[in-house]
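Quick one: the structure is below, and I'll ask about it shortly.
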Amino acid sequence: MQKIEVADSHTGGEPTRVVLDGFPDLGGGPLPERRARLDHDFGRLRLALTTEPRAPLATVLALLTPPTDPACATGVLYADSGGSLGMCGHGTIGLVHTLAALDRIQTGHHRIETAVGPIDVELHPDGAVSVDNVESYRYQKAVTCILPDHGPVTGDIAWGGNWFFITHSAPAPLEPHYRETLEAYTRAIRQALENLGITGEGGAPIDHIELYAPLQGGDADSRNFVLCPTLTYDRSPCGTGTSARLACLAADGALAPGEIYRQEGFTGSRFEASYRPGTRGIRPRIRGRAHLTARSQLLFEPDDPLLEAVNWNPDGF
Ligand code: PYC
């Protein structure tokens, strides 16, 4: 029977599953090559680890892999039930918290290698984690696509470690009561972008859609709703989404380097963000907290009909 050791946590409500042992060897070479092998050769196992019955919806996998750069504490590949991810902000906060809880890293500064480049992290004495994300930038401003049921929607395309379409257009307030409406709307945007061939740089698919609404007079600057490749929403304020949004604000001259931006997510959890200038865009810093939820051994009995969760849709029953 196959057994896989995992440690689960959540960052502002969004689950992260760190795979500690039992995942097949992804081989050596640069991390983008290992990421491609994860997508091509281990898609079904990735699904089994990120969907029911073994994982809550929205789970992001953090697969530990040896770094190519000896200065890095670890390498990591991120993935969810929609596929692999370049980077994951909430997942990095969850990873650092988990490694600290397992006594594998101490308070202070560390470097981690991801499939889209090295990132620096700081584990603070109070347990908070800051992530100095990969360079983030706005690729295109004010791109319009037409939605069959909603008409034109205009937004920016930006990179924050994943590709985002970011817009303040929304058919309803960004409140839990309207979740289904917002999910349907952001899924329609994603589909329209795909149909129109609107992509990130180099033809990369835009697999994250971010709606935002400025908040005035509260203790956060903005609230967001982020549709992930899982086709459900991010329970956290989304680290890569906050990075992409910061890149747009910086490009518009609406946020100064070092200024604190408080991003509230759809469930009300918060990240604190700021940036320093980069070469092409900005270097965002995202600060948040994670909490452990479980340490377990996942079991895969050979006669389990749901060994691979592919095509199993519990909502369909
Ligand atoms: O926090 O960057 C993030 C993220 C990406 C997908 C889900 N969370």
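Here the structure is a predicted model, which means the values were calculated and not measured. These values consider heavy atoms only, across backbone and side chains, with no hydrogens, waters or symmetry-generated copies. Atoms within each ligand, like the ligands themselves, are counted from 1 in listed order.
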Those protein residues which place at least one heavy atom below 4.0 Å from ligand 1: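 Residues near ligand 1: Glu14, Cys88, Gly89, His90, His208, Cys228, Asp234, Cys238, Gly239, Thr240.
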Side-chain cluster (under 4.5 Å, hydrophobic types only) that Ile146 belongs to, other residues: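 None, because no other hydrophobic side chain comes under 4.5 Å of this residue.
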Residue pairs involving residues 56-75 (criterion side chain to side chain donor-acceptor pair (under 3.5 Å); sequence neighbours excluded):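 Listed by first then second residue: Arg34-Thr65, Thr68-Glu113.
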Closest heavy-atom pair and its distance - Ile119, Asp132: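 For Ile119 and Asp132, the tightest heavy-atom pair comes out as CB-O, 3.5 Å.
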4.5 Å side-chain heavy-atom contact, Leu85 and Asp80: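 They are in contact (side-chain heavy atoms under 4.5 Å apart), so the answer is yes.
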Where Ala7 and Thr98 come nearest, the two heavy atoms and their spacing: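 Closest approach of Ala7 to Thr98: CB-CG2, 3.6 Å.
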Co-members of Leu299 in a cluster of I, L, V, M, F, W and Y side chains, linked at under 4.5 Å: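 Met1, all in the cluster of Leu299.
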